[in-house]
There are 2 protein chains.
Amino acid sequence: MVTLSEENYLKAIYHLGKQGKEAVSTNAIAEHIESKASSVTDMIKKLATKNLANYIKYQGVSLTEEGRLAAALVIRKHRLWEVFLVNKLNFSWDEVHDIAEQLEHVKSLQLVNKLDAFLEYPTHDPHGDPIPDKDGNYSPIKSINILEIDTGKEGTLSFVKDSSDVFLRYLNKNNLALGDTIKVLDFEPFDNSLTIETTTKKMIISKEVAQNLYLSV
Amino acid sequence: MVTLSEENYLKAIYHLGKQGKEAVSTNAIAEHIESKASSVTDMIKKLATKNLANYIKYQGVSLTEEGRLAAALVIRKHRLWEVFLVNKLNFSWDEVHDIAEQLEHVKSLQLVNKLDAFLEYPTHDPHGDPIPDKDGNYSPIKSINILEIDTGKEGTLSFVKDSSDVFLRYLNKNNLALGDTIKVLDFEPFDNSLTIETTTKKMIISKEVAQNLYLSV
DNA sequence: AGTAATTTTTAGTCTTGTCTAAAAATATTT
DNA sequence: AAATATTTTTAGACAAGACTAAAAATTACT
């Protein structure tokens with residue numbers, strides 16, 4: 001049995017080293033989960049004895065295949081619950097993190113999979129992060145919301161979810177095309193709209209449009 | 001902050017003494033939550049210092065108004081989640097208890113209330129137990145599933161949810177009327193039908209019919 | 001390479017919630 | 001009402017997870 005606390009460490013290791021494959025430092029983990037280095041050492045020893053992590057003293061930790069899968073499952077649950085909270089319960093996407101942080105620890109594979117079906121197999125959460133499948137795999141493409149506001153991060157428009165005529169006409173009219181480089185400048189909480197910047201201009205896009213733009217970063 | 005463990009004790013006290021008003025014994029609680037009497041003593045002392053319980057040594061515990069409300073909230077959450085699992089995720093009503101036992105501890109008043117709205121303000125969970133409202137109150141009437149099979153418990157038919165012509169004709173045809181005494185003899189998991197017994201006869205009713213019959217016990 | 005700075009680990013302590021075994025209080029029986 | 005049985009509480013121990021302070025290892029610097 002993987003405890004709540006163990007799950008949080010697995011998540012941290014997963015996020016800090018590319019999906020847990022790279023070794024991450026004790027200090028990085030401590031900072032990420034807001035604890036102390038000594039606590040981290042204790043826990044990673046425990047994860048190692050449980051075959052969830054590879055650990056060599058003073059050399060950092062990485063996840064075993066088993067650990068990677070366990071971490072991906074927690075992330076899958078987190079993101080599915082976020083979709084539920086936003087799409088079904090009408091939360092706004094900036095309110096759901098703390099609740100999903102609790103829901104992600106509920107244990108029942110049947111529950112995850114039924115929730116997945118109920119939500120009609122979403123591929124991305126409301127923040128634009130991709131949702132791992134049952135085997136822990138996911139596409140590296142993220143929806144536009146993922147670009148944090150005003151950090152200067154940019155992405156390349158590489159996929160549109162809705163390929164209806166009316167949406168493609170919208171893109172045409174606004175001079176947006178696959179391959180364009182996009183940066184997010186501002187987020188308006190009132191209607192969830194975004195101000196974005198391409199190489200040629202600045203514009204405001206609605207929540208509906210944002211949800212259909214996918215970028216590689 | 002009320003911890004997970006504290007919530008479980010509050011629930012137990014609430015269930016064992018009529019909504020926590022009557023004093024319940026240490027042993028009864030220990031048995032109910034499958035722990036030891038000494039652990040219970042420790043915890044009820046803690047609940048008392050937190051003003052959630054009234055405790056006099058060797059005299060049992062009851063809940064304070066604050067404790068009663070906290071317990072009712074946990075039960076409200078448990079039963080709402082059960083409705084969600086059965087009505088939205090298509091679980092059968094005998095599979096949902098353990099999952100709801102975890103979900104009931106998720107903290108967010110906003111979540112409970114949005115879930116309540118999403119489920120269209122259900123009054124009873126899939127087992128027939130009434131769902132407390134925001135103030136911890138609920139009707140003492142239970143839907144028929146609550147009568148445990150073959151325990152000899154009986155109730156009086158006192159309310160029908162669906163009052164359409166077609167349902168009332170069904171009741172007429174089958175000689176079921178308000179005031180009738182009803183006992184549940186068997187449950188068929190395949191289609192969730194029940195075998196019931198009135199003072200005059202024995203019959204099988206479908207899940208749909210059962211969901212509309214409410215009894216006072 | 002040798003010293004200084006940083007990172008990581010160890011050792012020992014604390015809190016929460018649980019347990020066993022023994023002591024104290026209450027209930028029951030005759 | 002005394003003796004016995006049962007229930008409840010206390011005392012002390014333990015596991016999980018976190019912390020502080022000190023020791024050990026690694027990395028960085030000159």
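The sequence lines fix the lettering, A, B, ..., with proteins before strands; numbering per chain opens at 1.
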Check your understanding: Can you find a side-chain donor-acceptor pair between B:Ser193 and B:Asp191 that sits under 3.5 Å?
Key -> yes
Point to revise | Residues B:Lys107 and B:Glu7 bridged, charged N to O under 4.0 Å | key: yes
Exercise for review: Indicate whether OP1 or OP2 belonging to C:dT8 is found under 4.0 Å from a side-chain N or O atom of A:Lys57.
Suggested key: no
Point to revise | Heavy-atom closest contact (A:Ser35 atom, A:Tyr9 atom, distance) | key: OG-OH, 3.9 Å
Practice item. Using atom CD1 of B:Ile56 as one end and atom P of C:dA25 as the other, report the distance to the nearest whole Å. Key: 16 Å
Point to revise | 5' precedence on DNA chain D between B:Lys45 and A:Asp42 (nearest-nucleotide basis) | key: B:Lys45
Practice item. Could you please name the option among C:dA25, D:dG17, C:dT9 that lies closest to any side-chain atom of A:Glu6? Key: D:dG17
Point to revise | Sugar-phosphate, base or nothing in reach of A:Thr41, heavy atoms under 4.0 Å | key: base
Review point. A:Tyr58 has a side chain; which of C:dA24, C:dT18, C:dT8 sits nearest to it?
Key: C:dT8
Review point. Is B:Ser39 near enough to C:dC19 that one of its side-chain N or O atoms lies under 4.0 angstrom from OP1 or OP2?
Key: yes
Check your understanding: Taking OP1 and OP2 of D:dA18, is either one under 4.0 Å from a side-chain nitrogen or oxygen of A:Tyr9?
Key -> yes
Point to revise | B:Asn27 side chain near D:dT6 phosphate (N/O to OP1/OP2, under 4.0 Å) | key: no
Exercise for review: Would you kindly give the CG-to-C1' distance between A:Asn8 and D:dG17, to the nearest whole Å?
Suggested key: 12 Å
Point to revise | Stepwise salt bridge (charged side-chain N to carboxylate O under 4.0 Å, His left out) test for A:Arg68 and A:Glu65 | key: CA-CA 5 Å; A:Arg68 214 185 58 76; A:Glu65 184 54 24; 3.3 Å; yes
Review point. Rounded to whole angstroms, how far apart are CD1 on A:Ile33 and C1' on D:dC19?
Key: 13 Å
Revision key, fill the gap. Atom CG of A:Leu4 and atom P of C:dT16 are separated, to the nearest Å, by 17 Å
Check your understanding: Under 4.0 Å between a side-chain N or O of A:Lys46 and OP1 or OP2 of D:dA16?
Key -> no
Review point. A:Ile29 has an atom CD1; how far is it from atom P of D:dA18, in whole Å?
Key: 13 Å
Exercise for review: To the nearest Å, give me how far apart NZ (A:Lys36) and C1' (D:dG17) are.
Suggested key: 14 Å
Point to revise | Minimum-distance nucleotide (side-chain atoms of B:Ser5 versus D:dT9, C:dT9, C:dG17) | key: C:dG17
Check your understanding: Short question: side chain of B:Thr26, backbone of B:Thr41 - any donor-acceptor pair under 3.5 Å?
Key -> no
Review point. Please give, in whole Å, the distance from C:dT7 P to A:Ile44 CD1?
Key: 15 Å
Practice item. Give a yes/no on whether any side-chain N or O of A:Thr3 is located under 4.0 angstrom from OP1 or OP2 of D:dA16. Key: no
Check your understanding: Do the side-chain N and O atoms of A:Ser5 and A:Thr3 include a donor-acceptor pair separated by under 3.5 angstrom?
Key -> no
Check your understanding: Would you say a side-chain N or O of B:Tyr55 is under 4.0 Å from OP1 or OP2 of D:dT8?
Key -> no
Revision key, fill the gap. Closest of D:dT8, D:dA18, C:dT9 to the B:Ser25 side chain is D:dT8
Exercise for review: Let me know the distance between CD of B:Gln59 and C1' of C:dT26, rounded to the nearest Å.
Suggested key: 9 Å
Check your understanding: Among the nucleotides D:dA25, C:dT16, D:dA11, which one has an atom lying closest to any side-chain atom of B:Ser38?
Key -> D:dA11
**Study point:** Phosphate contact (D:dT9 OP1 or OP2) by B:Thr26 side-chain N/O below 4.0 Å
**Key:** yes
